[in-house]
2 protein chains.
Amino acid sequence: MISLRLLDVAIDRFGRHGFEGASTRDIARASGTAMSSITYHFGGKEGLYLAAAEHIGKAISERQAAPLAAARAAAEGPRRAAVEALLAVIDGFAQMMLADESAPWARFIMREQQAPTQAFERLWSGAMRPIAETCVRLVARARPDLDEREARATALLLFGQAMILRAGRASACRLLGLEALDAEAATLLRARIRANALCILSETPR
Amino acid sequence: MISLRLLDVAIDRFGRHGFEGASTRDIARASGTAMSSITYHFGGKEGLYLAAAEHIGKAISERQAAPLAAARAAAEGPRRAAVEALLAVIDGFAQMMLADESAPWARFIMREQQAPTQAFERLWSGAMRPIAETCVRLVARARPDLDEREARATALLLFGQAMILRAGRASACRLLGLEALDAEAATLLRARIRANALCILSETPR
DNA sequence: GTCTATACTACGATAGAC
DNA sequence: GTCTATCGTAGTATAGAC
C-alpha cells in the first residue's frame with residue numbers, strides 16, 4: 001500500500017517542518033513514489049495533511065483502548081477503583097509520550113495545538129475527547145470536594161506531567177543529564193508521575 | 001531599530017511556520033523593510049533564527065528574574081520557605097504560559113524541543129537551565145526523602161502542569177469548554193497548579 | 001544602512017503517456 | 001495507479017545603486 005507509506009512519511013515531514021515547510025516532492029521521494037501519487041490518493045497537499053491527522057487519531061485510539069475501557073467501567077465504582085483506573089490511563093499516556101513511536105505524532109499534534117486547523121478537530125473528537133472526558137469523570141469521583149470546573153482543570157494538569165516528556169523532551173534530557181530518555185529514566189519518571197498523581201487524587205477535603 | 005522589529009516578526013513567523021516554512025521575504029515585508037536587510041543585520045536566514053532564539057532567552061530571563069532571585073535565597077532556608085519559593089517560581093512560569101505574550105516564544109521553543117538545533121543550546125544555557133537547577137535544589141530541600149534523580153524528575157514534572165497550558169492550549173480550551181483561556185480560567189488553573197504542587201511538595205516520607 | 005534588480009533553485013499542481 | 005514533463009509561483013542569496 002503506497003498510500004500508507006505516504007501517510008507515515010507525511011506525518012514525519014509535516015511534524016518536523018510544518019505544513020508549509022514540508023514538501024510534497026520530498027514526501028513522495030521518501031515514500032518511493034512520484035509526487036503526483038499524492039494528488040491521486042489524497043487530492044493534494046492539504047488532503048494528505050488531513051489524512052495524516054486522521055491516521056494519528058486512529059493510532060492513539062487503538063493504543064489507549066484497553067485502559068480507557070477499564071476506566072469507563074470504574075467511573076461508577078468505588079473511589080479507590082476510580083483512582084487506580086485513572087492512574088492506569090495516565091500511565092498509558094506517559095508510556096506513549098516516552099515511546100519513540102509517538103515522536104512523529106507528537107510533533108504533528110504539538111503544531112496543531114499552537115495553531116489549530118481543521119486537522120485538530122479530527123484529532124480531538126476522534127481520539128482526545130473520549131479519553132479526556134472519561135478522565136474528568138474519574139477525577140470527579142476521586143475528588144468529590146472539587147466542582148466541575150476544578151475537576152476539568154485537574155484532569156488537564158495531570159496530563160501535563162506526562163506531556164512534558166514529549167513537549168519538553170530536550171529540556172527533560174538536559175535536566176536529567178541524559179542523551180535520551182532510556183528505559184531506566186522511563187521507569188523513574190513513570191513512578192514519579194504515579195506518585196504525584198496519587199498524591200493529588202488522594203487529597204481529602206479539610 | 002529595524003533589527004528589533006525584524007526579530008519580533010521573525011520569532012512569530014519561525015514559531016508559526018518553522019525554519020523552512022517561514023519566508024525571509026515575508027518577514028522583511030511585515031517588518032517594513034527589504035529582504036536584504038536580513039542579510040545585512042544577521043548574515044542570512046540562519047543568523048536571524050539564532051538571534052531570535054537569543055532574543056527569546058533574554059525576554060524569559062528578565063521576566064523570571066524576581067522569583068528566581070527569591071528562590072535562590074530560599075534554597076538554604078527552612079523547608080517551608082523553600083516550598084513557598086518554589087510555588088512562586090512555578091506560578092511565575094504558569095503566568096508566562098498563560099500570557100498572550102508568550103505564545104510566539106512558546107511556538108518557537110516547542111519546535112526546538114522536538115528537534116533541537118544550535119538555537120536550543122542558547123535557550124537552555126541562557127534562560128532555562130538557571131531556572132531549572134534552582135528548582136531542583138528547592139525540590140530537594142522540600143522533599144528530603146527523594147534522591148537526586150527523583151528530585152530532578154519531580155522538578156520537571158511540576159513544570160509539566162504549567163507547560164500544558166501552552167503546549168496543549170487547544171486541548172485545554174476544549175476540555176474547559178472555552179474559546180480562549182480568559183482571566184477567570186487563568187485564576188482557576190493557577191490555583192489548581194498551586195494546590196497540586198503544594199500537595200506533592202508537602203508529601204512526607206512514610 | 002537600506003533599497004532595487006536579478007540569478008538560481010525549489011515549490012505545488014496538472015496534463016498526458018503508459 | 002503510477003510515471004514524466006512542464007507551468008507558474010515563491011524561495012534565498014547577492015550585486016550594486018544611493
Side-chain angles (χ1 to χ4, degrees), chain A residues 1-56 58 104 107-108 111-112 114-120 122, chain B residues 1-56 58 104 107-108 111-112 114-120 122:
Chain A
M1 269 317 244
I2 189 63
S3 60
L4 277 180
R5 174 102 185 102
L6 276 170
L7 278 178
D8 278 338
V9 176
I11 289 167
D12 181 78
R13 298 303 197 269
F14 283 134
R16 228 174 261 280
H17 310 296
F19 181 78
E20 297 90 349
S23 124
T24 53
R25 273 178 151 82
D26 175 57
I27 292 170
R29 195 182 327 118
S31 305
T33 185
M35 201 193 51
S36 47
S37 299
I38 292 173
T39 314
Y40 178 77
H41 284 288
F42 303 101
K45 192 182 192 183
E46 197 165 323
L48 177 61
Y49 188 78
L50 290 173
E54 206 112 26
H55 194 63
I56 293 172
K58 285 208 180 100
R107 280 189 287 262
F108 190 105
R111 278 172 200 273
E112 282 292 325
Q114 315 290 309
T117 70
Q118 203 185 331
F120 187 77
R122 305 198 184 189
Chain B
M1 273 313 247
I2 189 63
S3 59
L4 278 179
R5 175 103 186 99
L6 276 170
L7 279 177
D8 278 339
V9 176
I11 290 167
D12 180 78
R13 298 302 197 271
F14 283 134
R16 228 174 261 281
H17 310 295
F19 181 78
E20 298 88 349
S23 123
T24 52
R25 267 176 156 77
D26 174 56
I27 292 170
R29 196 182 327 118
S31 306
T33 185
M35 202 198 55
S36 46
S37 300
I38 292 173
T39 314
Y40 178 78
H41 284 288
F42 304 101
K45 192 183 191 181
E46 196 164 324
L48 177 60
Y49 188 78
L50 290 173
E54 206 114 24
H55 194 65
I56 292 172
K58 286 206 179 104
R107 278 188 288 260
F108 190 104
R111 278 170 200 271
E112 282 292 323
Q114 313 294 307
T117 70
Q118 204 184 330
F120 187 77
R122 305 199 185 190

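Lettering follows sequence order; numbering is per chain, from 1. Everything numeric in this text was worked out from a predicted model, so none of it was measured. Excluded from the calculations below are hydrogen atoms, water molecules and symmetry mates; all remaining heavy atoms, backbone and side chain alike, are included.
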Working to the nearest 0.5 angstrom, can you tell me the gap between B/Lys58 NZ and B/Arg122 CZ? 10.0 Å
Rounded interatomic separation in angstrom, taking CG from B/Leu4 and P from C/dG1: 15 Å
If the condition is ring pair (Phe, Tyr, Trp, His ring centres under 6.0 Å), which residues does B/Phe108 pass it with, not counting sequence neighbours? B/Tyr49
Could you state the atom-to-atom distance from CZ of A/Phe42 to C1' of D/dT2 in whole Å? 14 Å
Locate the shortest heavy-atom distance separating A/Leu48 from A/Leu6; write the atom from each residue and the value. CD1-O, 4.4 Å
Taking only residues two or more places apart in sequence, or in another chain, which ones meet A/Thr117 in a side-chain hydrogen bond (donor to acceptor under 3.5 Å, both in side chains)? A/Glu112
Is B/Ala28 touching bases, backbone alone, or none of the nucleic acid, heavy atoms closer than 4.0 Å? nothing
Using five pairs at each end of the helix from C/dG1-D/dC18 to C/dC18-D/dG1 to define an axis, what is the angle between those two axes, to 10°? 0°
Pairs satisfying side-chain hydrogen bond (donor to acceptor under 3.5 Å, both in side chains), at least one member in residues 35-47 of chain B, at least two apart: B/Thr33-B/Ser37
Identify whether any heavy atom of B/Ile38 sits under 4.0 Å from a base atom; if not, whether one sits that close to sugar-phosphate; answer base, sugar-phosphate or nothing. nothing
What's the CG-P distance between B/Leu48 and D/dA13, to the nearest Å? 10 Å
Can you measure B/Glu46 atom CD to D/dT14 atom P for me and round it to whole angstrom units? 13 Å
Roughly how many Å is it from CZ in A/Arg29 to C1' in D/dC3, rounded to a whole number? 16 Å
Would you tabulate the nitrogen or oxygen pairs shorter than 3.5 Å linking the protein to nucleotides 14-18 of chain C?
none

Hey, is the side chain of B/Tyr40 poking within less than 4.0 Å of OP1 or OP2 on C/dG1, counting only N and O atoms? yes
Suppose the criterion is side-chain hydrogen bond (donor to acceptor under 3.5 Å, both in side chains): which pairs have a residue in residues 10-19 of chain A, not counting sequence neighbours? A/Asp12-A/Arg16, A/Arg13-A/Asp26, A/His17-B/Glu20
Could you state the atom-to-atom distance from CZ of A/Phe19 to P of C/dC11 in whole Å? 14 Å
Side-chain N,O (A/Ser37) to OP1/OP2 (D/dC3) below 4.0 Å: yes
Donor-acceptor pair, B/Arg5 side chain versus B/Ala30 backbone, under 3.5 Å? yes
With the side chain defined as heavy atoms from C-beta on, B/Ala34 is closest, among C/dT4, D/dG11, C/dT2, to C/dT4
Candidates D/dT6, D/dT2, C/dT2 - which lies nearest the side chain of B/His41: C/dT2
Establish, with yes or no, whether the OP1 or OP2 oxygen of D/dC3 is under 4.0 angstrom from a side-chain nitrogen or oxygen of A/Thr33. yes
Of all heavy-atom pairs linking B/Ser31 and B/Ile2, the shortest is O-CD1, 3.4 Å
Taking the nucleotide of DNA chain D with the nearest heavy atom to each, does A/Gly32 or A/Arg25 sit closer to the 5' end? A/Gly32
Rounded distance in Å - CD (A/Glu20) to C1' (D/dT9): 16 Å
Using every non-hydrogen atom in the two residues, find where A/Ala52 and A/Leu7 come nearest and quote the distance to one decimal. N-CD2, 3.7 Å
Pair A/Ile11, A/Arg107 - check side chain to side chain contact (heavy atoms under 4.5 Å, CB included), show working. CA-CA 9 Å; A/Ile11 289 167; A/Arg107 280 189 287 262; over 6 Å; no
From NZ of A/Lys45 over to P of C/dC11, roughly how many Å is that when rounded to an integer? 9 Å
